[in-house]
Amino acid sequence: MFKIGICEDNKKFSCELRLIIEKKFIQHNINCEIDCFYSGEEVLDNIFNLKKNYDIIFFDIELQKLNGIETARKVREANENTIFIFITYLNEKVYEALDLTIFHFIRKSHFHKEVNSVLDSLIKKLEYLTEKYSFPIDDNNIYLKLYDIIYFEVNNRTVIIHTIDNTYTSNYRSLKDIPYNLTEKYFFEIYRGIMINLNRVEDFRNNKVILSNGDTLYIARRRINSFKEEFYRYISSRREG
């Protein structure tokens, strides 16, 4: 179940957007719950006082008092993973929000032309975030989201799986034993026996990467150039939604 917020002071437009989102999610058999807010202050009250969390928030930039960008900045303080989609008549305003890691913008002047393509991109991202894969651990199979895996590491002929919550010792003996095409899922082998999730790279300096769990890993010299190309390609794909 994805929790979605719509922050839009035009109630008619908000209702129309809600119906479009609900229809799209039903088409893809994805459950969602949508809350509509008519001011930035109302969003912040629900998040900080009522302790609600939202996976996705659609913001109208031109809100009264606290505008959509200012509201999003405060929301980002509470949840760095919330997906932001901005809606605006003022195209130049989008540049003020580039530091917020925005998923997409929808221009109100082109709303009906753009909303479906943006939602299609959103659905694709959500399917990736929720996609689970089976991994053999001892006598059982466990299902992990690839997005939650930080990196794979081969140690003493055993593949160790480092995730955001735990570390698992799998029955695989090498990365080649993993029966999934991980390179298509934003993974890159930076060193022989170490494959990282590009989604989990916090920083990249010279010949090493810093991952979201704080681990620092070195990139093989002969793989630095190919890693740079793949990482920047990944960054570009995120900006394009």
Side-chain angles (χ1 to χ4, degrees), residues 2-3 53-57 72 75-85 98-104 121-137 141-155 158-170 172 174-241:
F2 287 99
K3 289 280 293 179
N53 288 312
Y54 291 92
D55 302 295
I56 308 141
I57 303 180
V75 173
R76 184 60 82 218
E77 294 173 8
N79 190 334
E80 63 179 18
N81 295 316
T82 300
I83 296 171
F84 293 154
I85 297 174
L98 292 180
D99 63 308
L100 286 170
T101 313
I102 306 305
F103 178 73
H104 239 303
S121 295
L122 176 63
I123 292 293
K124 184 178 179 181
K125 181 179 180 68
L126 296 180
E127 287 175 342
Y128 167 69
L129 292 177
T130 57
E131 197 172 23
K132 290 186 178 182
Y133 289 79
S134 173
F135 293 92
I137 308 294
N141 282 336
I142 65 168
Y143 288 85
L144 300 174
K145 298 177 184 176
L146 288 187
Y147 184 75
D148 290 342
I149 296 174
I150 301 173
Y151 67 100
F152 297 93
E153 174 188 21
V154 179
N155 189 356
T158 300
V159 175
I160 310 298
I161 306 172
H162 300 265
T163 75
I164 59 175
D165 298 317
N166 211 332
T167 300
Y168 300 92
T169 301
S170 77
Y172 296 133
S174 74
L175 295 178
K176 293 180 180 179
D177 292 339
I178 301 174
Y180 312 119
N181 190 344
L182 296 175
T183 57
E184 292 184 351
K185 302 293 183 180
Y186 309 117
F187 282 81
F188 187 90
E189 190 173 1
I190 60 170
Y191 210 95
R192 185 176 181 182
I194 297 180
M195 179 174 278
I196 66 170
N197 186 346
L198 298 180
N199 284 288
R200 296 297 173 182
V201 175
E202 292 289 325
D203 200 0
F204 166 42
R205 300 175 186 172
N206 300 320
N207 64 335
K208 60 186 178 181
V209 291
I210 300 172
L211 303 176
S212 59
N213 64 345
D215 287 359
T216 298
L217 302 177
Y218 286 86
I219 308 167
R221 183 177 300 174
R222 64 185 179 86
R223 301 187 185 188
I224 288 179
N225 288 336
S226 58
F227 171 77
K228 287 180 180 179
E229 291 176 6
E230 193 62 32
F231 186 61
Y232 293 134
R233 187 181 299 116
Y234 161 71
I235 293 297
S236 296
S237 71
R238 285 184 59 185
R239 288 173 179 166
E240 293 168 3

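For Asn166, the side chain to side chain contact (heavy atoms under 4.5 Å, CB included) test picks out Thr163, Tyr168, with sequence neighbours left out. Considering only residues two or more places apart in sequence or on other chains, Asn181 meets the side chain to side chain contact (heavy atoms under 4.5 Å, CB included) condition with Thr183, Glu184. Every salt bridge (charged side-chain N to carboxylate O under 4.0 Å, His left out) that Asp203 has, sequence neighbours left out, goes to Arg205. With sequence neighbours excluded, the residues forming a side chain to side chain donor-acceptor pair (under 3.5 Å) with Glu153 are His162, listed by chain and number. Applying the salt bridge (charged side-chain N to carboxylate O under 4.0 Å, His left out) rule to Asp177 yields no partners; only residues at least two apart in sequence or on another chain are considered. Residues meeting the side chain to side chain donor-acceptor pair (under 3.5 Å) test with Lys145, sequence neighbours left out: none. By the salt bridge (charged side-chain N to carboxylate O under 4.0 Å, His left out) test, Glu202 pairs with no residue at all, sequence neighbours left out. Lys124 meets the side chain to side chain contact (heavy atoms under 4.5 Å, CB included) test with no other residue; sequence neighbours excluded. Taking the salt bridge (charged side-chain N to carboxylate O under 4.0 Å, His left out) definition, one finds that Lys132 meets it with nothing, sequence neighbours left out. Here Ile123 pairs with Lys24, Phe25, His28, Ile30, Glu127 under the side chain to side chain contact (heavy atoms under 4.5 Å, CB included) rule; sequence neighbours left out.
At a threshold of 4.5 Å between non-hydrogen side-chain atoms, the residues Leu211 and Val201 count as touching. Ile178 is not listed as a side-chain neighbour of Tyr133, based on a closest heavy-atom distance of 4.5 Å or more. Residues Ile150 and Asp215 form no side-chain contact, since every pair of their non-hydrogen atoms from C-beta on lies 4.5 Å or further apart. A heavy-atom distance below 4.5 Å is not found between the side chains of Leu146 and Asn199. Side-chain contact check for Ile149 versus Phe187: some heavy-atom pair is nearer than 4.5 Å. Two residues are said to be in side-chain contact when any heavy atoms from C-beta on lie closer than 4.5 Å; Leu182 and Glu189 fail this criterion. Looking at Tyr180 and Lys185, their side chains never come closer than 4.5 Å, going by heavy atoms from C-beta outward.
The minimum heavy-atom distance linking Asn81 with Arg76 is given by the pair N-NH1, 3.9 Å. In plain terms, the two heavy atoms of Ser170 and Ile161 that are nearest each other are CB-CD1, 4.1 Å.
A donor-acceptor pair under 3.5 Å links the side-chain atoms of Asp55 to the main chain of Lys3, judged by distance alone. Judged purely by atom type and a 3.5 angstrom limit, Tyr147 has no side-chain atom pairing as donor or acceptor with the backbone of Asn197.
Under the 6.0 Å cut-off for aromatic ring centres, Tyr172 and Phe152 do not qualify, their centroids lying 6.0 Å or more apart.
Taking CG of Leu198 as the reference point, atom CZ of Arg233 lies at 10.5 Å (rounded to 0.5 Å). The line from CD1 of Ile196 to CD1 of Ile219 is 6.5 Å long, rounded to the nearest 0.5 Å. Put simply, OG1 on Thr167 and OH on Tyr151 are 7.5 Å apart, with the number rounded to the nearest 0.5 Å. The CD1 atom of Ile56 sits 4.5 Å away from atom CG of Leu122, with the distance rounded to the nearest 0.5 Å. The distance from the OG1 atom of Thr82 to the OH atom of Tyr54 is 10.5 Å, given to the nearest 0.5 Å. Taking CD1 of Ile194 as the reference point, atom CG of Asn155 lies at 9.5 Å (rounded to 0.5 Å).
Among residue pairs with one or both ends in residues 189-214, those qualifying as ring-ring contact (aromatic ring centres under 6.0 Å, His included) are Phe204-Phe227; sequence neighbours excluded. Evaluation of the side-chain hydrogen bond (donor to acceptor under 3.5 Å, both in side chains) test over residues 217-227, restricted to residues two or more places apart or in two chains, returns none.
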Practice prompt. Evaluate the ring pair (Phe, Tyr, Trp, His ring centres under 6.0 Å) criterion for residues Phe188 and Tyr234: first the C-alpha distance (whole Å), next the side-chain angles of each, then the deciding distance (0.1 Å), finally the verdict.
Written response: CA-CA 11 Å; Phe188 187 90; Tyr234 161 71; over 10 Å; no
Fill in: Worked check of side chain to side chain contact (heavy atoms under 4.5 Å, CB included) between Val209 and Phe231
CA-CA 11 Å; Val209 291; Phe231 186 61; over 6 Å; no
